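These notes concern the structure reproduced below.
Computed from a predicted model, the values in this text were never measured in an experiment.
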Amino acid sequence: MAKNWAIAIGINNYYNLQHLSYAKLDAVAMRDWFEKEARFDRVFLFTEDSEPIPTSGTSIPTQATYGNLRRFLRANFEKPLLTPGDNLWFFFAGHGRREADRDYLMLLDSDPGDVEHTAIPVDYVTQRLRRSGADNVVLFLDACRDGGSRGGEGISGEHQGVVTFYSCSSNQKSYEIEQLQHGSFTQALLDGLRITGEGNCATVERLERYLQWRVPTINQTYRKTPQHPYATAEPANKLHLILLPQYATLHDIATLKLDAFQAEAEGNWELAKQLWLRVNVAARGSDVQVIDAFYRIAQRQGQPSVLPKDPEPIISIPEPATSPTGDRSVISESVPTQETKPQVFQFDVVTVDTKGQEINRQTKQAQYFTEDLGNGVTLEMVYVPGGTFIMGTEDEEIERLVQESNSDWFRNEKPQHQVTVQPFCMSKFQVTHAQWKAVASLTKVNRDLKPEPSNFKGDNRPVEQVSWYDAVEFCDRLSRKTDKPYRLPSEAEWEYACRASTTTPFHFGETITSELANYNANYTYGAGVKGIYRKETTPVGSFGVANAFGLYDMHGNVWEWCLDHWHENYKGAPTDGSAWFSDNDYQFRLLRGGSWPYDPESCRSADRGRNDPGLVNYGIGFRVVCGVAPRTS
């Protein structure tokens, strides 16, 4: 059976650096996860006062000094103790420095005035760990810490042959959260590793996406400056590495197979064997292509065929136990059922001419899955395929709007820029009053929610009079109930989802009509005509048409909160679809889509609104996204 080893290091009381509060607790929590939940074979804990590791001879000292750790890495990883297919994970919580173009981990007795001789280089750690013989070496480095904020001269970069997760970018701080008694990165990491079902973090890629959402969300909740974790992998296909084979999907396995075939095509036989071995483990020995591949590779190398022997999962994790405390990190309030599997629905998509007359109607279909919120209330989540689009408005149209409105406001929609968005799922409709009530009745995560905040009553109307903080709390409660990473959409995700591959001002076309959307139709856009001004919200989906992705009411009805902080324009905006944050947590948040009392300009795909995150208004609601797409196999 494959072996699983881990090293966990956490240092609070540095001799020569400012003390930390929760780095040791981070390491102990990771040790507990390795031992009790992931059931690793060997776990080595290093803190300022950890117990020595008993051996048949002299016990191994584990006080996290420079000499102890360097001796441990040198003596125990001089010769291979593990084999291909085995796992070796390394977790470090503490101070990190960059000196003379090298990344260093600062140990208990490290001297900031003599880093090169008293701290451990990260590349030394990776070299020793790779000598272990394990082909799956994963590092988690929460080493951008200085004082209570865990900041300072952070470390970053790619290290050969391993996967490395960093708690934040090199110019950011990594925060400790007093209320959680953990660093926000470690809390998010533990949360992600414990997710089961559709939204699991079984692969490096999915764990990275989860951390990139969850860590900034935790920081925002506790009013800390954003930090943005990320992962590097060498070679790049290690991003597809399956960390938790028990939760791997057919799509995960198929992706690994493609990497394995590519390695064969390039003549990289050792890498190909490693990848096929991972396929075999994830498929639990049931994939006949693995046997064919090992014969094929052996013939190309002129060696006897050696078949993989061990089809057992590398890491076996039991279902989370139910906790009476409601702690999000250990409880799963609902187990994904048959209803969470993808289904297909049909919908109508309409195109109008410049005057708003319908010129084309098509029936399309999309995948979705359903969340059961209880008492007959459901939430439908539509699969949005990834892709690249042009975000913002072209200069000519902006100048027309500026002249027409006698306002420079619309210049916040420039410069246009190309954005690539990963697949995600988005709620088919704006969150309704019934859905709000169902989730508001769940156990509180960070703040209280009013069960009936809306001005306009009706179960199928969009909920309104909810703040940005309320919407985040809704997502947190929904995430805990479903074990899926629910959140607000980034601004880029929202515009990409609204446009649904169109480039016109509205996904309907060049204008909008009150027969297709709810807005103040006393005003017109372009050559459009006036229509009905309803002066209230309408039930979601009541116009009977969606965009090409199958999303309803993307124009009008209520404004929709996005995750991002407000920026005056797109200069320096992310191009990967991620949310854009600033250092000021009290900054305005983004609103998109327009609302029932607003003119049609405000309902355009590219229009940007903003408001105080604590504001409630009967024209503001939201919809949610989930970072997991339904299985297609």
Side-chain angles (χ1 to χ4, degrees), residues 226 354 387-421 468 488-512 517 519-528 547 554-613 615 617 619-620 622:
T354 56
T388 300
F389 79 112
I390 300 299
M391 187 173 181
T393 301
E394 63 273 13
D395 290 345
E396 182 180 350
E397 178 66 5
I398 287 177
E399 293 310 312
R400 187 189 71 79
L401 291 168
V402 167
Q403 292 178 16
E404 189 176 275
S405 64
N406 195 29
S407 169
D408 287 337
W409 173 256
F410 297 101
R411 291 200 170 101
N412 65 51
E413 299 170 22
K414 57 188 296 187
Q416 280 190 304
H417 56 292
Q418 182 173 287
V419 178
T420 298
V421 177
W468 182 89
L488 295 176
S490 70
E491 184 183 18
E493 287 172 332
W494 193 96
E495 184 170 328
Y496 174 77
C498 179
R499 288 187 178 279
S501 301
T502 64
T503 57
T504 49
F506 308 89
H507 65 69
F508 300 118
E510 295 292 342
T511 191
I512 193 172
Y519 63 99
N520 187 345
N522 289 331
Y523 300 90
T524 62
Y525 187 87
N547 69 9
M554 295 298 288
H555 300 302
N557 215 12
V558 290
W559 287 102
E560 300 178 20
W561 287 114
C562 290
L563 199 56
D564 310 54
H565 290 166
W566 169 259
H567 294 81
E568 294 295 335
N569 53 53
Y570 289 134
K571 293 179 180 178
T575 59
D576 61 357
S578 61
W580 191 11
F581 301 108
S582 69
D583 292 339
N584 181 8
D585 192 51
Y586 299 97
Q587 194 165 333
F588 287 135
R589 300 306 197 276
L590 258 296
L591 291 167
R592 284 303 202 114
S595 183
W596 60 267
Y598 279 75
D599 58 27
E601 282 86 353
S602 300
C603 300
R604 292 173 300 115
S605 300
D607 186 80
R608 308 175 72 216
R610 68 180 186 185
N611 235 313
D612 187 288
L615 177 82
N617 182 283
I620 298 178
F622 67 103

| request: Examine distances only and state if a side-chain atom of Trp468 and a backbone atom of Cys562 form a donor-acceptor pair shorter than 3.5 Å. | output: yes

| How many angstroms lie between CH2 in Trp580 and CG in Leu563, if you round to the nearest 0.5 Å? | 14.5 Å

| field | Test item: Arg589 side-chain N/O and Gln587 main-chain N/O as donor-acceptor pair under 3.5 Å | value | yes

| said: So which atom in Met554 and which in Ala497 form the shortest heavy-atom distance, rounded to 0.1 Å? | reply: CE-C, 4.2 Å

| Counting distance only, does the side-chain N/O of Asn569 pair as donor-acceptor with the main-chain N or O of Arg411 below 3.5 Å? | no

| field | Exam field: side chain Arg608 to backbone His567, donor-acceptor pair closer than 3.5 Å | value | yes

| field | Intermediate values then yes/no, side chain to side chain contact (heavy atoms under 4.5 Å, CB included), Phe588 and Asp612 | value | CA-CA 5 Å; Phe588 287 135; Asp612 187 288; 4.2 Å; yes

| Any side-chain heavy-atom pair of Phe410 and Arg604 under 4.5 Å | yes

| query | For the residue pair Trp566 and Trp409, does the interplanar ring angle fall in the parallel (under 30°), tilted (30 to 60°) or perpendicular (over 60°) class? | reply | parallel

| Going from CG on Asn412 to CD1 on Ile398, what distance comes out if it is rounded to the nearest 0.5 angstrom? | 8.0 Å

| Asp599 side chain vs Ser602 backbone, donor-acceptor pair below 3.5 Å | yes

| Where do Asp408 and Val402 land on the side chain to side chain contact (heavy atoms under 4.5 Å, CB included) test, with the steps shown first? | CA-CA 6 Å; Asp408 287 337; Val402 167; 3.7 Å; yes

| said: Testing Glu560, Glu413, Glu491 one by one against Arg592 for a salt bridge (Lys or Arg N to Asp or Glu O under 4.0 Å), which residue passes? | reply: Glu491

| Residue pair Tyr496, Val419: steps toward the side chain to side chain contact (heavy atoms under 4.5 Å, CB included) verdict | CA-CA 9 Å; Tyr496 174 77; Val419 178; over 6 Å; no

| Audit row: Arg400, Glu396, salt bridge (charged side-chain N to carboxylate O under 4.0 Å, His left out) steps and yes/no | CA-CA 6 Å; Arg400 187 189 71 79; Glu396 182 180 350; over 6 Å; no

| query | So, His555 side chain and Cys603 main chain: donor-acceptor pair closer than 3.5 Å or not? | reply | yes

| task | Check whether any side-chain heavy atom of Trp561 sits under 4.5 Å from a side-chain heavy atom of Leu591, and report yes or no. | result | yes

| Rounded distance [0.5 Å steps], CG in Asn557 versus OH in Tyr519 | 13.0 Å

| request: Measure from the side-chain N and O atoms of Tyr525 to the backbone N and O of Phe506, and report whether any donor-acceptor pair falls under 3.5 Å. | output: no

| task | Report yes or no: does Ser490 contribute a side-chain atom to a donor-acceptor pair with the main-chain N or O of Glu493 at less than 3.5 Å? | result | yes

| request: Search all heavy atoms of Asn520 against all heavy atoms of Pro600 and return the closest pair with its distance. | output: O-CD, 4.0 Å

| query | From Lys414 NZ over to Lys571 NZ, what is the distance, rounded to the nearest 0.5 angstrom? | reply | 8.0 Å

| request: Mind running side chain to side chain contact (heavy atoms under 4.5 Å, CB included) on Ile620 and Asn611 for me, showing each step along the way? | output: CA-CA 10 Å; Ile620 298 178; Asn611 235 313; 4.2 Å; yes

| query | Do Thr354 and Thr511 come close enough that some side-chain heavy atom pair is under 4.5 Å? | reply | no

| said: With a 6.0 Å cut-off (strictly less than), is the heavy-atom count around OH of Tyr523, excluding the residue itself, greater than 12? | reply: no

| CD/Glu404 to CD/Glu397 distance, rounded to the nearest 0.5 angstrom? | 8.5 Å

| said: How close do Glu601 and Leu401 get, counting heavy atoms only, and between which atoms? | reply: CG-CD2, 3.7 Å

| Pair Arg610 + Glu568: basic N to acidic O under 4.0 Å | yes

| Nearest heavy atoms of His507 and Thr502, plus distance in Å | CA-OG1, 3.7 Å

| field | Whether Glu495 side chain and Gly392 backbone form a donor-acceptor pair below 3.5 Å | value | yes

| message | Tell me the closest heavy-atom pair linking Phe581 and Pro226, and the distance in Å. | response | CB-CG, 3.4 Å

| query | Can you name the nearest heavy-atom pair linking Trp559 to Ser595, along with the distance? | reply | CD1-CB, 3.4 Å

